Amino acid sequence: MEPVEALRRIAFLLERAHEPTYRVRAFRKAADLVEATSPDALRDRARDGTLTDLPGIGKVTALVIDEALRGEAPVYLRRLEATEGEPLDEATAALRSALRGDLHTHSDWSDGGSPIREMAETARSLGHEYLALTDHSPRLTVANGLSADRLRRQLDVVAELNEELAPFRILTGIEVDILDDGALDQDPDLLGRLDVVVASVHSKLRMDRVAMTKRMVAAVANPRVNVLGHCTGRIVKAGGKRGGLRPESEFDAALVFDACAAYDVAVEINSRPERLDPPKRLLRLAVEAGCRFSIDSDAHAPGQLDWQHYGCERAARCGVTAGRVVNTLPADALLAWSRGA
């Protein structure tokens, strides 16, 4: 294993384990530095014991580099891989193995931490056939949301990457804000060009129950919407950029899920450990309403792409079958569904 590969694998496992961001960043920074250093210079420094003279290389990352250069599996990496987590039960594992992609992810074009290419290559390494890139829309300025011009430029970048990465496919998309009146925060014609549109509420989460219900139903009824993202907006685990706990938004879930079923909009099962949205009681209600689902990571970094098993576990517990999960479909079938074909 090359040093860059080892460092990035460690960062991936730390992200998946929800370890502190600063720890992950240290390994990613070291990987970028090693990648920019010639192999001969790196070996010379390892031989002379001067790896830590490089900015951003500490004792731990230097040891990983040195062990990899010697052809050994780094001890740090071996420890992480030996303690990756509990095995999934049979139903959860079957659902996870049925997933062909992920319909909600973020890159460093908005509030994600890694380039599009790295997110795509990681998704491919996890066995995905496709990955929907759904960076934020412009209203969410705190997340560096994409203006129409920036989104158009991103489409060009994705087209170029798809030529290189085929048959793996990056699906064009957006996580578009649902505005106060249920309208969508992006140019309608531009939304029509995208493969996948995830619509989510990010503001005025304490809106009156009736008003919130009308807002969400209006968005679901929009023909450009494919997935209703993290429907309650709750945060159940404090920490990280998202701060403290957040209660669920109040809305008539039966009406919203009936609208999702009627307009064939998938209800997202958001797999982020701090979200786990919707809660199980609402997830069961959506199953009873006849909804489709999308089990998504909402990843903001490569290691988080492997969080889908959290969503799969909750889906299995609530009676969601693989046939009702849209991202078990092959890419062509998924696009036929998302485009209403």
Side-chain angles (χ1 to χ4, degrees), residues 96 98-137 140 143 145-146 150-162 165-177 184-186 190-200 219 222 224-230 264-272 275 277 292-302 304-308 311-312 325-341:
R96 174 64 187 86
L99 296 182
R100 294 173 180 258
D102 194 331
L103 301 188
H104 186 171
T105 68
H106 298 273
S107 75
D108 58 4
W109 280 63
S110 67
D111 62 340
S114 294
I116 299 170
R117 177 190 290 277
E118 188 170 356
M119 295 295 288
E121 289 176 342
T122 301
R124 184 175 60 181
S125 74
L126 291 173
H128 286 334
E129 298 174 16
Y130 53 82
L131 177 79
L133 177 62
T134 56
D135 282 321
H136 289 285
S137 63
L140 205 62
L146 272 61
R150 289 183 66 217
L151 179 54
R152 290 188 187 96
R153 292 200 300 273
Q154 186 181 81
L155 297 183
D156 292 337
V157 171
V158 169
E160 292 177 5
L161 285 170
N162 275 333
L165 299 174
F168 180 86
R169 181 164 182 177
I170 305 170
L171 304 181
T172 59
I174 192 169
E175 184 182 15
V176 64
D177 265 25
L184 305 181
D185 179 38
Q186 189 50 273
L190 186 51
L191 290 177
R193 292 178 56 188
L194 304 177
D195 295 325
V196 176
V197 174
V198 178
S200 306
N222 191 306
R224 292 181 172 85
V225 172
N226 305 122
V227 179
L228 176 64
H230 48 68
D264 202 13
V265 169
V267 174
E268 178 180 68
I269 302 175
N270 189 289
S271 301
R272 292 193 67 85
R275 284 195 182 276
D277 200 359
R292 295 209 213 203
F293 299 92
S294 180
I295 301 176
D296 300 325
S297 67
D298 193 0
H300 288 64
Q304 296 173 8
L305 288 166
D306 208 25
W307 283 352
Q308 281 176 305
C312 289
V325 178
V326 295
N327 48 327
T328 63
L329 295 170
D332 288 345
L334 175 75
L335 293 175
W337 165 75
S338 70
R339 293 168 179 167

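Every heavy atom of this structure was used, including side-chain atoms; hydrogens, water molecules and symmetry mates were not. From a predicted model like this one, the values you see are computed outputs, not experimental measurements.
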Margin query: Checking Leu171 against Leu334 for the side chain to side chain contact (heavy atoms under 4.5 Å, CB included) test, could you report, in this order, the C-alpha distance in whole Å, the side-chain angles of both residues, the deciding distance, and whether it holds?
Written below: CA-CA 10 Å; Leu171 304 181; Leu334 175 75; 3.5 Å; yes
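- Using a 4.5 Å heavy-atom threshold, the side chains of Gln154 and Ser107 count as touching.
- Each of Gln308, His104, His230, Arg272 was checked for a side-chain hydrogen bond (donor to acceptor under 3.5 Å, both in side chains) with Asp298, and the lone residue meeting it is His104.
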Practice prompt. Apply side chain to side chain contact (heavy atoms under 4.5 Å, CB included) to the pair Ile174 and Leu146, showing each step before the final yes or no.
Written response: CA-CA 9 Å; Ile174 192 169; Leu146 272 61; 5.6 Å; no
task = Decide side chain to side chain contact (heavy atoms under 4.5 Å, CB included) for Leu194 and Leu155; before the verdict, give the C-alpha distance in whole Å, the side-chain angles of both, and the deciding distance to 0.1 Å.
result = CA-CA 9 Å; Leu194 304 177; Leu155 297 183; 3.7 Å; yes
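- Between Asp195 and Arg339 a salt bridge is recorded (basic side-chain N to carboxylate O distance below 4.0 Å).
- The OG1 atom of Thr122 sits 5.5 Å away from the CD atom of Glu118 when rounded to the nearest 0.5 Å.
- For the pair Tyr130 (side chain) and Asn327 (backbone), a donor-acceptor distance under 3.5 Å is present.
- Residue Asp296 is tested with Leu103, Leu305, Thr105, Asn270 for a side-chain contact (heavy atoms from CB on, under 4.5 Å); the sole match is Leu103.
- Of the possible polar contacts, one joining the Asn226 side chain to the Val197 backbone as a donor-acceptor pair under 3.5 Å is found.
- In plain terms, the two heavy atoms of Ser271 and Trp307 that are nearest each other are CB-O, 3.2 Å.
- Counted by atom type alone, Asp111 and His300 present one or more donor-acceptor pairs between their side chains at under 3.5 Å.
- Screening Ser137, Ser110, Ser200 for a side-chain hydrogen bond (donor to acceptor under 3.5 Å, both in side chains) involving Glu175 leaves a single residue, Ser200.
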Would Leu335 and Arg169 count as a side chain to side chain contact (heavy atoms under 4.5 Å, CB included) here? Give the steps. CA-CA 12 Å; Leu335 293 175; Arg169 181 164 182 177; 3.4 Å; yes
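- Considering only heavy atoms from C-beta on, Leu99 comes within 4.5 Å of Thr328 through its side chain.
- For the pair Leu131 and Arg124, the minimum side-chain heavy-atom distance is 4.5 Å or more.
- For the atom pair NE2 (His136) and CG (Leu151), the distance works out to 13.5 Å, reported to the nearest 0.5 Å.
- Interatomic distance, Glu268 CD to Phe293 CZ, rounded to the nearest 0.5 Å: 12.0 Å.
- Looking at Ser297 and Gln304, their side chains never come closer than 4.5 Å, going by heavy atoms from C-beta outward.
- Between the side chain of Arg150 and the backbone N or O of Trp109, at least one donor-acceptor pair lies under 3.5 Å.
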